[in-house]
Structures are given as C-alpha cells and as structure tokens.
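One structure below.
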Amino acid sequence: MDHFEYKNGHLSAEDVKLGSIADEIGTPFYAYSTATLTRHYQIFADALHGMNALVCFAVKANSNIAVLRLLAGLGAGADVVSGGELTRALKAGIPASKIIFSGVGKTDEELSLALSIGIRQINVESVPELEAISRIASANGVVAPIALRINPDIDAGTHAKITTGTLENKFGIEWTLAHEIYSRANQMPGIEVKGLAMHIGSQLHDLEPFRKAYERMGDLVAMIRKDGLSIETLDLGGGFGIPYGDETAPMPNVEEYAQIVRETLGGLGVEYIFEPGRVIAGNAGVLVSSVIYVKEGSSKTFVIVDAAMNDLIRPTLYGAYHEIVPVDDPGKDVDMIEADIVGPICETGDTFVKSATLPRPEPGDLLAVRTAGAYGAVQSSTYNTRPLVAEVLVDGDKFHVIRPRLGVEEIISRESIAPWQSTD
Ligand SMILES: *Cc1c(COP(=O)(O)O)cnc(C)c1O
C-alpha cells in the first residue's frame, strides 16, 4: 500500500496534487511520500518484534538526505557502500553507532574515514580487505569492529545483475572458507570480530533462498562457536522484493520473512542487523513526467515523455517493469491506445514500457511512473546533457524540493577547456 491515490480525479501524493508540484517546478521530478516511507519502515520493524534487531536502511536505494533524516527519526540506522554514502548518512543525523559499511572495494581512505567516526561495523568481503583494515586500525591506534560477509553460494533466483550470493559473484567470502578466516581474523591486531553478514541479492520474490542461506549461516555459527569464538551480531542483509505490478504470483510478506529468520537463526543470543532498501523506499516514490509528443507510426504508437533513462535507468538496466499511469484520471469513456512509452534519449534502450495500454494522452499531460522510490533518483545522470532530475518530499499537504533540478549551465560550468586549446 502507498499514499499515491486519485483524489477528485487527480493523482496525489498524500494531500498534494502531483500537478501542483509540476506547475511549480516543472517536470520530470521524483515525489516521495513521508507517510509511505514511515509505514514501510514501521511494518518492517514491527515484523521483527521480540528480536534484538537493528534496521539499517540501505542508503544506495535512496540516498537523499531528507529521506535519510526521516528514517533516522524513526530509529533506522544505515547500510552504506561508500565514503560518500557514509558522509550523507552522518549529515542526515544517523549516528555512527548505527552505520554499517558494506562493499567489495573499500579504499584506504574510506576505511580511515569509517574508523575515525567510530562506525558500528565494517562488513569485510575479502582477506586483503581484512589485512588493510588491520593495518589502518593499528596505525591509528583504534580497534575496528568487523563482520565477515560470507557468500553462501545460494542463487537468489532474481535478475542476474542483482544476484550477489553465488560463487560467480564478486561478493563476500566463500562460506566454506569463512570458518578458518574467522578464527584468523580473531588473531589480527586492530580487529574485533563481531560476527557474520550476508546479502544474497535484491528484489527476491521467493523466500526459500533466504531460508537456505540463513540455514547455512546457522551452521557456520555453530562451527565457529564450537571453536570457542564469540559471535555477537548477524547481519542478514536486504533483498526483500516488492510488487511492481506485473507479478504472476503474490509477493511474500515481511511477517513470513521474519518467521524464517526466527526459525533458522532465532535463539542464538545475537543482535540481528537488517539492511532493507527497496522494501522501504520503492513504493514510496513516483517519477512524474510530461508527454511531449504522441507519435503514430504505421505499426506502432510512441508516447514520448520528458523523463528518460538518465532519470530512471531500471527498465533498461534490469529489464524492470514500472506501471505508468495518467496523473489526471481520464474517467470512463476514454480512447485507449497501445503504445511504447519512451524518453527523448538517443538510445533504443530509452524505453520505459513496451506496448502499454493507456488512455490516449495529449501533449502536456502528466504521467506518473509508479514504484520509483528505490534505485531511481540515485542512479540518475545528466546523460545527453539533460538537467539532473529534481526530487520532492511530501508530508500531508506540504511539499519541499529536497534536490532542485541541476540545470544545464551548472552542469557545463564544471567543465573547462585545456589551456593549450585556447584560441586567442
Ligand atoms: C543493495 C544492498 C542492500 C539492499 O538491498 P534491497 O534489495 O534494496 O533491500 C542491502 N545490503 C547490501 C550489502 C546491499 O548491497
């Protein structure tokens, strides 16, 4: 459920008409709903009742500091994958004690930053990284709290570009080696081993891969504890899938997921860390754009809109489906057409939906791309020298531009010609 509904025939974010935002700031823009973000966070956190759990929002899903601030206010921590995201999370008011640093290629600079702010935990993905952390922590006279991210070699059954938990993927330490590396890490200077971590992929619609992976983690916990080593935290990652509107089967719910966690890893006396991204932010955002032209060819009709793959890359990157709806409800007696909804970019991949059925739009009409709150604006670019898309946060009947459109002048002003190219 989200808070984007038609009110008096007009698609609104909570109590704000999307059309009024468009009138004020133009299109395209992302609009996020405070009520939806809050609701999703709460549902996730509530499902974990009775567990000693910390929910760390995966910042890469939506890193706007206003969104992070909102989640921080609800008690969320952050899972970050770069020094940049770490800096954002801190700026948004998420305390270092609730920040987890994930990622396969953390640089010395990023690791130093993380240690200097007293980060909660660094999830280590390889032996060379472990050695780097030991060296940096020792040199700075601090102890680095770490967890080993294990690769359980379980196929999440999701899109190839977002599967992370098989040995074909670059992520994590092979689970068969983890036992030995765990005890080695315990001997290393500057290292305090807190526990284990895993994240097997994103947009999982089947819970069985989670069960298998968590069972594997449970086996590992038993082996490590048998050696007399302690495990205080288990980071179970993110990856929970959400409906985009083209599912054939119903999506699992978070209660079922929490039940699997209890069954596979419950009662171990550890603190559980979760890193949900998409399930919190996905349905909490829409991308609003205007129709530029309706181009009727002999075999196909194209609705050309002013948003493009540089604003939302998911359709072309992951083959993702997003439902697209008219902002003004056209009512019942409308002329429905079948059309590809495309952006203006000079790439065939710049297609949002193929063969969509929609009410025949007029130039200037607004369309909303639904479920665009996660992995949307964060992946936007200025390709084709298009202004960087704006972001807006709605709360009740208020809205605020939380990232203004970055204009062409600003984009170009950062570039310069080399001195030898000067013509005068
Ligand atoms: C991307 C990522 C997440 C979040 O995944 P979602 O599918 O958005 O829940 C969590 N943890 C790690 C390590 C990630 O890379």
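When a ligand or atom number is given, it counts from 1 through the structure's own listing order.
Counting the atoms of ligand 1 from 1 in the order shown, those under 4.0 Å from a heavy atom of Ser102 are 13 (C). For ligand 1, the atoms sitting less than 4.0 Å from at least one non-hydrogen atom of Arg278 are 6 (P), 8 (O), 9 (O), numbered in the order shown with element in parentheses. Applying the 4.0 Å criterion to heavy atoms of Tyr375 picks out, from ligand 1, the atoms 1 (C), 4 (C), 5 (O), 6 (P), 8 (O). Listed by atom number, the atoms of ligand 1 under 4.0 Å from Arg149 heavy atoms are 13 (C). Residue contact check: Asp79 has heavy atoms under 4.0 Å from atoms 10 (C), 11 (N), 12 (C), 13 (C) of ligand 1. Close approach of ligand 1 to Glu275 is summarised as follows: ligand atoms under 4.0 Å from at least one heavy atom of the residue are 3 (C), 4 (C), 9 (O), 10 (C), 11 (N), 12 (C), 13 (C).
Ionic pairing of Glu192 and Lys194 is present here: one or more N-O contacts between side-chain nitrogen and carboxylate oxygen are shorter than 4.0 angstrom.
Of the inter-residue distances, the one linking Ser380 atom OG with Arg403 atom CZ reads 4.0 Å to the nearest 0.5 angstrom. Distance CG/Leu229 to CG/Asn186: 4.5 Å, rounded to 0.5 Å.
Regarding atom 14 (C) of ligand 1, its nearest protein heavy-atom neighbour is Lys60 NZ, 2.9 Å. Distance from atom 7 (O) of ligand 1 to its nearest protein heavy atom, with residue and atom name: Ser202 OG, 2.3 Å.
A 6.0 Å sphere centred on NZ of Lys300 holds more than 12 heavy atoms belonging to other residues, nucleotides or ligands.
Scanning all heavy atoms of the two residues, the minimum distance from Thr351 to Pro315 falls at O-CB, 3.6 Å. Nearest heavy-atom pair, Tyr375 versus Leu312, reported as atom, atom and distance to 0.1 Å: O-CD1, 4.2 Å.
An N or O contact shorter than 3.5 Å links Gly277 to ligand 1 by distance. The distance criterion of under 3.5 Å between nitrogen or oxygen atoms is met by Gly239 with respect to ligand 1.
Within the structure, ring-ring contact (aromatic ring centres under 6.0 Å, His included) contacts touching residues 190-233 (residues at least two apart or in different chains) are Phe210-Tyr214, Phe210-Tyr257.
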